[in-house]
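Lettering of chains follows the sequences in order, A, B, ..., and the numbering in each one begins at 1. On a predicted model such as this, the values are computed, not experimentally measured, just so you know.
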Amino acid sequence: MTEPLAPQYNPSAIESELYQWWTEQGLFSPDSHAPGSAQPYVIMMPPPNVTAVLHMGHGLNNTIQDVLIRFERMRGRRALWVPGTDHAGIATQNVVERELAQEGLTRFDLGRDAFVERVWAHVRETGSAILEQLKAIGCAADWSRTYFTLDEGLSRAVRETFVRLHEQGLVYRGHYIINWCPRCLTALSNEEVEKEEVDGKLWHLRYPLADDSGHLTVATTRPETMLGDTAVAVHPDDDRYRHLIGRQIRLPLADRLIPIVADDAVDPAFGSGAVKVTPAHDPTDFEIGRRHSLPSIDVMTPEARISLAAPDRFQGLDRYEARRRVVAEFDAAGLLERVEDHRHAVGHCYRCETVIEPRLSDQWFVRMEPLARPALAAYRDGTLRFVPERRGDDYAAWLEGIRDWCISRQLWWGHRIPVWYCDAAKCGVTTVSRTDLERCPGCRGPVRQDEDVLDTWFSSWLVPFSSLGWPERTPDLATFYPGNTLVSAPEILFFWVARMIMSGLHFMGAVPYTDIYLHGTVRDTLHRKMSKSLGNGIDPLEVVQRYGADALRYSLVSGMSVGTDVILDPADLEASFAAGRNFANKLWNAGRFILTNLEGPTRPLAGRNSDVIRRDELTLADRWIIARCDATVAEATEAYQRFRLNEAAAAVYHFIWSDLADWYIEQVKPRLYGDLPGGDVARAVVAQTFEVALRLLHPAMPFITEALWRRFPGRPESASISVAPWPAADARARDPEALRQFGLVQELVSAVRAIRAEYGVQPGQMVRAVVSGASQTAAAALKQERSTITRLAKLSELSLGETAERVGGHAVLSDGTAVFVPLGDAIDVGRECGRLGTEVDRLGKLVESQEGKLGNEQFVSRAPADVVERERQKLSTWKDQREVLVKKRELLGCS
RNA sequence: GGGCGAAUAGCUCAGCUGGUUCAGAGCGCCUGCCUUACACGCAGGAUGUCGGGGGUUCGAAUCCCUCUUCGCCCACCA
């Protein structure tokens, strides 16, 4: 690491090497970087799916977590970021099934054991690829604690949880209508169904009365389900139909007799006011069926084809073919009354988008209300804090309306349900067990385990404690539970975040974290979510390759404010990431300049020894940059703490680029080069302020800050910025006077530069400047930084006082100090008159409106005194400035 | 159907508790510069009815109402 630094920052040359060094040093593990007495700070990484490939959403999510964990680590906490992967039941099974399909096979061809082995092989091969990718963007997670939701330990936790909840009466098996995906061939929870509004139809079908005395019209969006109708329901108070209650319908096509029943669930105002009742295919109908002891006829196969329960000619038809056929037959029989357009919400599988079919089946459920109550209380009493706050309302609303959680899945990949059935006729016991059963505890006969597996979220909702060893009482669990912050996409608030809170409270007696930061979504410029299917994604690794991890991270962090979406342009990576790349390069070159100039005598800025730099040795510029640095420390620290990462990034960016590089480094050059005395002071100040800036920036841009920081002279080989102490604001650095005075210096330089540009003065051409009307402090400041001013404004001479010359460029600084740049023949007097004229007009308008404001009795009497005083100050400054310019115009002889 | 959010420069967005960082930043654009840290740079510059309308207030990008447009979440009216 001692080779000379290249003028162009080349991230790929340092990133992987640094990352490897960090991990070798164990810097990401609290065991090695922090004393045991330090307060822990814990983040649980949302485990990516094993089959996942890093996309920008992961990039954003993990960058935020990494910024926070690095920040807290530097602040001295025992920072632990636990990474892991999720076995992702349906998603992973789908991937492997697709693979098999390429070979013309289905999972049934392989059989359960061989299929599961095949999935394991796939997972072993590609399962942790995404974690490797996270390393490429710099994630400082503790890889020694990486978990997988199908690990032995986590599997034990899952089983313990299931059994315990069962013992507590909170897990039960039930025969209900659940959401069924006919493609994945499994039940889904309510949360796994995505509702989508679609334009559908409402078919009005005529059901003849059994005695041929007429008909009753029912309205339905799914005519094919009529094959399973077992009643027609009307509202008990509906006068139109009251006389029909208890009579029979002859169900067309199926040719069955079904009763007309009365039920409160029917809305007389909708459709015809009569509802066909299909208990096997609709949740409401199922309830009606229960109340009226109606039979359930399941007319669909798991694949959503018409089953053997329907007349022959429908059997085997796909549900939509069946729909057309049913409608056609009703039409042919003159029983199709009418068809209406009807917009309604239809559920889709969150994994494959297939339309969900409500289906009657036996499933396992978790009784959620008892778990939800404490989770809601933790929000209401302020234990939980959401960022942004409004997300808390979504959380509360979901908990208030919570429904039982269907946790069984008809898949092969996942945690097998720990339930064993005895099929012996005389025994038939069902056993829920922590350990695998060989024989029935009742009759010692053979048992068979439940075929189903558990919802993948049933393992991930435990990770805040299962990943730390629960149900064992491990030291990790004692130290790192509960954690602190959860960073997540809002999409998984219910799937994961809320459920972790419930499980944490139930099994550990404490919420797993108190701060819940829900960030936005990464979208393209059309505000569409980035997705593989749309092909509008940006590969974070490509960005890392082209611009570096720090550029990626900085661009994400700075382009994101609390809870808002991040918009990136997949068609123009340059536009999306130039800011980060440019900044990294700027930083690199500032560092290159500073580090190569640190050789030479220097003395400490603070400390006990007598060699320390005295305050009176500091120039105005020194005091200014130290004060600016201190203000930036306060600003950035506050912003990081409040999760306002973009503000923290902007504060440091501005300090480094606009203050340190544009002004201070320029100011300090003569001293560093030995052209002016005070090189030791300059070295101390530039080194200190830059070093502080690097630390402030490290959470957001870890690689480049580490690379530069380690190159500081005298740095021990083992030192890492990642565990360097966080900069503290220092009251001694505060210096409002220096901020104001150096501000005038900057204004003066800028004013001269603007005049030079305005009149096309050649870049190499020196000019003179005359300053008049400066206050004592202003004059003192300009004198102190005279050499800075003359150099940066390219002045041959800077004089204070009046001059007889009239022709040149004019400007007035914010404190009323006048600047005059004599330009002799070079200047177009008319042009300068015009320029001054518009400026006088502008100030005139300001003065006018300000006088209006201050002349307003209401304002003066009702606004706070300090506001009024400030406004008076403004008025007098503007008046002074206008005055000066008016005089200049007179001197120039402007008309 | 219910709830929520957003609309500010050509683009992406800051602007938090009404009043000194109040109209800003980055990218893009224009002009001039290869000034020995950086052309991924330096210096200077242009660009806005703060979505429309109404209101509260001495004062509104900021608070309230309303409309328009976009987005999100929730929902068993078949």
Exercise. What pair of heavy atoms forms the shortest contact from A/Pro223 to A/Trp203, and how long is it?
Worked result: CG-CE3, 3.4 Å
Exercise. Which part of the nucleic acid does A/Thr221 contact within heavy-atom distance under 4.0 Å: base, sugar-phosphate only, or nothing?
Worked result: sugar-phosphate
For this session: Could you work out the separation of B/C67 and B/G3 based on their P atoms and round it to a whole Å?
Result: 13 Å
For this session: On RNA chain B, check which nucleotide each of A/Glu196 and A/Lys276 is closest to and give me the residue with the more 5' one.
Result: A/Glu196
Seminar exercise, completed: A/Phe859 meets the ring-ring contact (aromatic ring centres under 6.0 Å, His included) criterion, sequence neighbours left out, with none
For this session: Could you state the atom-to-atom distance from CD1 of A/Ile567 to P of B/C11 in whole Å?
Result: 13 Å
Seminar exercise, completed: With sequence neighbours left out, the residues meeting ring-ring contact (aromatic ring centres under 6.0 Å, His included) with A/Phe643 are A/Tyr517
Exercise. With a non-hydrogen cut-off below 4.0 angstrom, is A/Ser576 in contact with a base, only sugar-phosphate, or nothing?
Worked result: nothing
Exercise. On the ring face of A/Tyr653, is A/Lys586 found with NZ or CZ under 6.0 Å from the centre and within 45° of the axis?
Worked result: no
For this session: Taking atom C1' in both B/A14 and B/U8, compute the distance separating them and give it to the nearest angstrom.
Result: 10 Å
Seminar exercise, completed: Between A/Val193 and A/Gly347 the two heavy atoms that sit nearest each other are CG1-CA, 3.5 Å
Seminar exercise, completed: Those residues at least two apart in sequence (or on a different chain) that pass ring-ring contact (aromatic ring centres under 6.0 Å, His included) with A/Phe690 are none
Problem set entry | Interatomic distance at C1', B/A60 relative to B/C76, whole Å | 46 Å
Exercise. Looking across every strand, which nucleic acid part, if any, lies under 4.0 Å from A/Phe286 by heavy atom: base, sugar-phosphate, or nothing?
Worked result: nothing
Seminar exercise, completed: To the nearest angstrom, the CD1-P distance between A/Ile594 and B/C38 comes to 14 Å
For this session: Using distance alone, with no hydrogens and no angle criterion, decide if A/Trp398 and A/Glu191 have a side-chain donor and acceptor under 3.5 Å apart.
Result: yes
Please list, for nucleotides 42-46 of chain B, all pairs of protein and nucleotide N/O atoms separated by less than 3.5 Å.
| residue | atom | partner | partner atom | Å |
| --- | --- | --- | --- | --- |
| B/C42 | OP1 | A/Lys586 | NZ | 2.8 |
| B/C42 | OP1 | A/Trp657 | NE1 | 2.5 |

For this session: Tell me, please, which residues at least two apart from A/Thr596 pass side chain to side chain donor-acceptor pair (under 3.5 Å).
Result: none
Heteroatom pairs (N/O) under 3.5 angstrom, protein to nucleotides 71-74 of chain B:
none

Exercise. Are OP1 or OP2 of B/C27 and a side-chain N or O of A/Tyr554 less than 4.0 angstrom apart?
Worked result: no
Exercise. A/Val277 pairs by side chain to side chain contact (heavy atoms under 4.5 Å, CB included) with which of A/Asp282, A/Leu294, A/Val232, A/Val266?
Worked result: A/Leu294
For this session: Return the value, rounded to whole Å, for the distance between atom CG of A/Asp572 and atom P of B/G26.
Result: 18 Å
Seminar exercise, completed: Pairing string of RNA chain B (Watson-Crick or G-U wobble, both atom distances under 3.5 Å; | = paired to other strand) is (((((((..((((.....[....)))).(((((.......))))).....(((((..]....))))))))))))....
Problem set entry | Spacing between A/Ile665 atom CD1 and B/A37 atom P, to the nearest angstrom | 10 Å
Exercise. Mind checking whether A/Tyr9 and A/Trp588 have parallel, tilted or perpendicular rings, split at 30° and 60°?
Worked result: tilted
Exercise. CZ of A/Arg592 versus C1' of B/A37: gap in Å, rounded?
Worked result: 5 Å
For this session: Considering only atom C1', compute the distance from B/G19 to B/U36 and round it to an integer number of Å.
Result: 48 Å
Seminar exercise, completed: Of all heavy-atom pairs linking A/Thr521 and A/Lys529, the shortest is CG2-CG, 3.6 Å
For this session: With side-chain hydrogen bond (donor to acceptor under 3.5 Å, both in side chains) as the test, would you mind laying out the steps for A/Asp229 and A/Tyr207 before giving the verdict?
Result: CA-CA 11 Å; A/Asp229 282 2; A/Tyr207 281 15; 2.6 Å; yes
Exercise. Less than 4.5 Å apart, any side-chain heavy atom of A/Val686 and any of A/Tyr664?
Worked result: yes
Exercise. A/His342 near the nucleic acid: base, sugar-phosphate alone, or nothing, with a heavy-atom cut-off under 4.0 Å?
Worked result: sugar-phosphate
Exercise. What integer number of Å spans the P atoms of B/U47 and B/A25?
Worked result: 14 Å
Exercise. Hey, are A/His204 and A/Glu340 close enough side-chain-wise for a donor-acceptor pair under 3.5 Å?
Worked result: yes
Exercise. What is the distance, rounded to the nearest whole Å, between atom NE2 of A/His204 and atom C1' of B/C77?
Worked result: 13 Å
Problem set entry | Results of ring-ring contact (aromatic ring centres under 6.0 Å, His included) for A/His810 - residues two or more places apart only | A/Phe820
Exercise. B/G18 and B/C64: how far apart are their C1' atoms, nearest whole angstrom?
Worked result: 13 Å
Exercise. Are A/Glu574 and A/Arg546 ion-paired here, with the side-chain N under 4.0 Å from a carboxylate O?
Worked result: no
Could I get a table of every N or O pair under 3.5 Å where one atom is in the protein and the other is in nucleotides 4-9 of chain B?
none

For this session: Tell me what A/Phe583 touches on the nucleic acid: a base, only sugar-phosphate, or nothing, going by heavy atoms under 4.0 Å.
Result: nothing
For this session: Could you check how far CG of A/Asn589 sits from P of B/A39, rounded to whole Å?
Result: 7 Å
Exercise. Which part of the nucleic acid does A/Lys669 contact within heavy-atom distance under 4.0 Å: base, sugar-phosphate only, or nothing?
Worked result: base
Exercise. Taking the side chain of A/His344 as heavy atoms from C-beta outward, which of B/U35, B/C58, B/A78 is closest to it?
Worked result: B/A78
Problem set entry | Which residues share a salt bridge (Lys or Arg N to Asp or Glu O under 4.0 Å) with A/Glu871, sequence neighbours left out | A/Lys853, A/Lys874
Exercise. What pairs with A/Ser787 under side chain to side chain donor-acceptor pair (under 3.5 Å), at least two apart in sequence or on another chain?
Worked result: none
Which protein N or O atoms sit under 3.5 Å from an N or O of nucleotides 16-24 of chain B?
| residue | atom | partner | partner atom | Å |
| --- | --- | --- | --- | --- |
| B/C16 | O2 | A/Arg642 | NH1 | 3.4 |
| B/C16 | O2 | A/Arg642 | NH2 | 3.0 |

For this session: Considering only atom P, compute the distance from B/U69 to B/G52 and round it to an integer number of Å.
Result: 15 Å
Problem set entry | Nearest-nucleotide comparison on RNA chain B, the residue closer to the 5′ end among A/Ala575 and A/Asn582 | A/Ala575
For this session: Would you mind reading off the distance between A/Gln762 atom CD and B/U31 atom C1', rounded to a whole angstrom?
Result: 13 Å
Exercise. Do the side chains of A/Gln881 and A/Arg842 get nearer than 4.5 Å, heavy atoms only?
Worked result: no
Exercise. Say you pick atom P in B/U49 and the same atom in B/C33; how far apart are they, in whole Å?
Worked result: 34 Å
